[in-house]
Amino acid sequence: AENEVLQTKADSDDETIREFGGHVSKTNPDFVLTFDGNSVHWPYLVKRADKTKTPLRVGRDGGPPHQSLYGHYSLIGRANVDLLNFADDLYAVKNKTIEDVAKYLGIELSSQNPIDETAYFEHWSNLNQRKNLVKHVEEQTKAILKIGQEAIDYVIQMSALSGLPPDQVIAAAVGFRVDNYLMMETHNLGQLIPSRMEQPIIPYKGAIVLEPKIGLHDNVASLDFSSMYPSLMIKYNISPDTLITGRETDDIFEVPEVRHRFRNHPSGFYRIVLTKLIEARKTTKAELKRTAPSDPRYTLLKAREKAIKVMTNAVYGYAGWAGARWYSKEVAESAAALGRETINRAISIAKSLGLTVFYGDTDSLFVNHDEKLVQKFQGEIDRQLGLEINLTEVYKRILFTEAKKKYAGLKTDGQIDVVGLEAVRGDWSNLARDVQNTVLRMVLEDAKPDRAATYVKGLAADLRSRMLPLSAYVIWKTLTKPVAAYEVNAPHVEAAKKMAKEGWSVTAGDKVGFVITKKTGKLYQKAEPHYKVSTDDIDYDYYVNNQIIPAAARILEVLGLTENQLIAEPGSQARLSGRSERG
DNA sequence: TACTGTGGCCGTGGTC
DNA sequence: GACCACGGCCAC
């Protein structure tokens with residue numbers, strides 16, 4: 001039946017594997033979906049099948065999966081799609097879990113309290129809890145299918161664009177997708193494909209980030225150049241095959257600052273492909289406008305538009321990648337230099353019109369939202385620079401901190417955009433993130449710090465009596481290399497070592513959740529794996545002094561408050577314990 | 001072939 | 001306490 005969940009009652013590995021293969025053959029799917037299957041489920045199944053000498057019949061040929069390109073497992077006659085790879089293409093999703101990806105895609109999950117992986121064994125061991133675990137896995141399976149339904153159009157479109165098979169394209173890194181796409185286009189143009197060469201990595205100067213105007217500002221607009229790097233590469237014919245290495249001086253363009261020179265004619269390879277991509281996106285967008293959302297073609301067109309956008313935006317970075325077939329440091333460096341010139345000229349134009357520039361990063365500018373002036377500004381950008389700049393957001397009130405890339409704005413719909421701050425970082429506790437979000441809302445709504453300061457002081461004074469769940473205190477950090485490879489001690493590495501000692505397989509790429517406990521010594525000595533900690537072990541002073549106060553102060557310092565002014569009144573635990581942990 | 005780029009912040013450990 | 005490297009994550 002459609003969307004039927006199949007469960008096995010088999011109580012041995014070989015029986016389970018056989019039954020699984022039977023189900024796959026019977027269902028005979030074109031797509032097989034997993035979440036993290038390439039690194040977890042397929043390798044595990046293959047190993048167990050080997051060990052028990054059971055045939056794993058999952059391909060259309062009745063054969064086992066094969067290890068293939070890009071760390072991907074291939075099933076003959078079927079597209080095996082690991083949806084974790086799809087999640088990697090969803091930049092707005094920070095935490096790549098089934099639950100968070102589903103939530104982002106608007107998929108409703110019936111289970112509100114997913115079971116953490118570290119608790120699986122405990123649930124399995126207890127017969128009463130085992131039912132819950134089975135239910136949880138069933139829920140996840142249903143979610144995977146729904147995520148897959150959202151993913152498949154995109155996967156197919158990315159496959160059509162890049163020329164890579166659908167099961168491989170989503171596993172392939174961005175650079176290889178671009179590489180493949182360009183190879184296809186070369187073929188269309190009747191040109192030869194350069195071979196890949198081992199090249200040294202030469203760094204070059206990138207974009208400009210402006211110093212923000214610190215404080216709260218009312219009625220601010222943000223504007224973005226549309227596809228800035230691709231537009232500049234097209235405009236000035238920036239391409240490896242138009243780069244001048246000799247003495248030519250006729251019909252050329254010299255890039256400011258870096259002084260690389262490019263022929264204006266004929267059009268280079270990058271201009272041809274980028275123009276084609278941008279035109280294709282325009283066509284798709286226009287078609288989308290004529291199509292009703294209920295039309296089955298609508299989601300397909302949406303997926304196509306997204307795939308083209310992702311590919312277009314990847315070309316500049318690809319050009320500066322030493323592993324690219326069409327690598328050219330001069331090309332990437334020139335695009336970056338032209339970007340810097342563009343933003344600088346835009347700032348001058350804005351100022352000359354009487355606009356105030358509050359902040360800007362790479363291809364964006366924040367100015368006071370004077371509607372007439374902003375429209376005039378957009379017109380001047382078109383007239384003087386031949387580029388398009390779009391109004392992307394209007395903020396009723398926005399707060400810039402002293403730091404670049406960290407700000408928050410109250411939108412006209414009442415929603416708050418948080419950028420770069422602790423509240424959107426995965427390596428801070430939920431507690432700190434929640435506190436900062438609350439403080440931001442209070443400050444942006446009130447335009448003064450009083451209410452937020454009172455809230456923070458109250459929380460800091462009696463954190464432990466709030467009885468927050470342990471999950472509020474867990475800090476997650478990725479292990480970027482094997483534990484043995486670390487040069488210095490760090491809390492998440494220490495927690496990973498403790499997990500490894502207990503038999504967990506902790507490898508590079510894993511996220512380690514830890515809690516700072518009351519143990520003595522350096523912070524890394526106080527860090528414990530989250531599943532071993534109870535709320536009695538929590539070092540509340542640490543969470544007040546090193547999580548709540550810094551996260552709140554980052555915002556409230558903008559309005560003149562100091563960290564000291566946020567610490568609880570004398571007499572409270574937090575005050576008495578001092579702030580010995582902070583330098 | 002499991003690396004698209006640079007700019008930036010900041011906590012923590014470790015040394016002087 | 002000052003200073004710096006390491007390490008992780010984020011903006012664009």
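Note on naming: letters A, B, ... go to the chains in the order of the sequence lines (proteins, then strands), and numbering restarts at 1 for each one. Please read these numbers as outputs of a predicted model, since none were measured by experiment.
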Quick check, are the ring centers of H530(A) and F514(A) under 6.0 angstrom apart? no
Where do V558(A) and F400(A) come nearest, in terms of heavy atoms and distance? CG1-O, 3.8 Å
Check the distance between dG5(B)'s P and F176(A)'s CZ and give it to me in whole angstrom. 11 Å
Could you state the atom-to-atom distance from CG of L84(A) to C1' of dA2(B) in whole Å? 13 Å
Has R397(A) got a side-chain atom pairing as donor or acceptor with L444(A)'s backbone, closer than 3.5 angstrom? yes
Nearest-Å distance for atom pair CG/P, residues D82(A) and dA2(B): 17 Å
Any donor-acceptor pair under 3.5 Å between the side chain of R425(A) and the base of dC10(C)? no
Which atom names give the shortest non-hydrogen contact between L421(A) and Y407(A), and what distance separates them? CD1-O, 3.7 Å
With no hydrogens and no angle check, is any side-chain donor or acceptor of T478(A) less than 3.5 Å from a backbone partner on D510(A)? no
Taking only the side-chain heavy atoms of K477(A) (C-beta and beyond), determine which of dG8(C), dG7(C), dC9(B) contains the nearest atom. dG8(C)
Pick base, sugar-phosphate or nothing for A173(A), based on heavy-atom distances below 4.0 Å to the nucleic acid. sugar-phosphate
Answer with base, sugar-phosphate or nothing: what part of the nucleic acid does K481(A) contact at a heavy-atom distance below 4.0 Å? sugar-phosphate
So what does W428(A) touch, heavy atoms closer than 4.0 Å: a base, only the sugar-phosphate, or nothing? sugar-phosphate
Identify whether any heavy atom of V424(A) sits under 4.0 Å from a base atom; if not, whether one sits that close to sugar-phosphate; answer base, sugar-phosphate or nothing. sugar-phosphate
When V488(A) and W321(A) are each assigned the nearest nucleotide of DNA chain B, the 5'-most assignment goes to W321(A)
dT1(B) phosphate, OP1 or OP2, under 4.0 Å from R325(A) side-chain N/O: no
Provide the distance between the two P atoms, one in dC3(B) and one in dC9(C), to the nearest whole Å. 15 Å
Using OP1 and OP2 only, check whether a side-chain N or O of Y524(A) sits under 4.0 Å from dG7(C). no
Mind checking if R177(A) touches a base, just sugar-phosphate, or nothing, with heavy atoms under 4.0 Å? nothing
Contact class for V178(A) (heavy atom, under 4.0 Å): base, sugar-phosphate, or nothing? nothing
Counting the benzene-type ring for Trp, do W321(A) and Y316(A) have ring centres under 6.0 Å apart? no
Can you tell me which nucleotide in dT1(B), dG13(B), dC9(C) comes closest to the side chain of R196(A)? dT1(B)
Under 4.0 Å from OP1 or OP2 of dA2(B): is there any side-chain N or O of H72(A) that close? no
So, does N313(A) get its side chain near the phosphate of dG5(B), meaning an N or O under 4.0 Å from OP1 or OP2? no
Which of the following nucleotides, dC9(C), dG7(C), dT4(B), is nearest to the side chain of K511(A)? dC9(C)
Pair Y318(A) and W326(A), ring centroids less than 6.0 Å apart: no
With a 4.0 Å limit, can you tell me whether S364(A) has a side-chain N or O closer than that to the phosphate oxygens OP1/OP2 of dA11(C)? no
Check whether any side-chain nitrogen or oxygen of Y181(A) sits under 4.0 Å from OP1 or OP2 of dT4(B), and answer yes or no. no
Expressed in angstrom and rounded to an integer, what is the separation of K405(A) atom NZ from dC9(B) atom C1'? 10 Å
Regarding G426(A), tell me which of base, sugar-phosphate or nothing describes its non-hydrogen contacts under 4.0 Å with the strands shown. sugar-phosphate
Could you check how far CD of E422(A) sits from P of dG8(C), rounded to whole Å? 18 Å
After noting the C-alpha distance and the side-chain angles of V456(A) and I548(A), does the key distance pass the side-chain contact (heavy atoms from CB on, under 4.5 Å) rule? CA-CA 8 Å; V456(A) 175; I548(A) 293 179; 4.1 Å; yes
Within less than 4.0 Å of OP1 or OP2 of dG14(B), is there a side-chain N or O belonging to N489(A)? yes
Rounded distance in Å - CD (Q199(A)) to C1' (dG5(B)): 15 Å
With a non-hydrogen cut-off below 4.0 angstrom, is Y486(A) in contact with a base, only sugar-phosphate, or nothing? sugar-phosphate
For a quick check of understanding: with a heavy-atom distance under 4.0 Å over all strands, which category does R340(A) fall into, base, sugar-phosphate or nothing? nothing
Given dA11(C), dC9(C), dC10(B), identify the nucleotide with an atom nearest to the side chain of V419(A). dA11(C)
As a test of reading the structure: which of dG8(C), dT12(B), dC12(C) is closest to the side chain of Y407(A), going by heavy atoms? dC12(C)
Measure from the side-chain heavy atoms of E402(A) and tell me the nearest of dA11(C), dG14(B), dC10(B). dC10(B)
For G317(A), report the nucleic acid contact type (base, sugar-phosphate, nothing); a contact means any heavy atom under 4.0 Å. base
Nearest to the side chain of A403(A), heavy atoms from C-beta on, is which of dC10(B), dT1(B), dG7(C)? dC10(B)
Across the strands shown, which category fits Y359(A) at heavy-atom distances under 4.0 angstrom: base, sugar-phosphate, nothing? nothing
Between dA11(C) atom C1' and M228(A) atom CE, what is the distance in whole Å? 13 Å
Atom-pair distance (CD on E494(A); C1' on dG7(C)), nearest Å: 15 Å
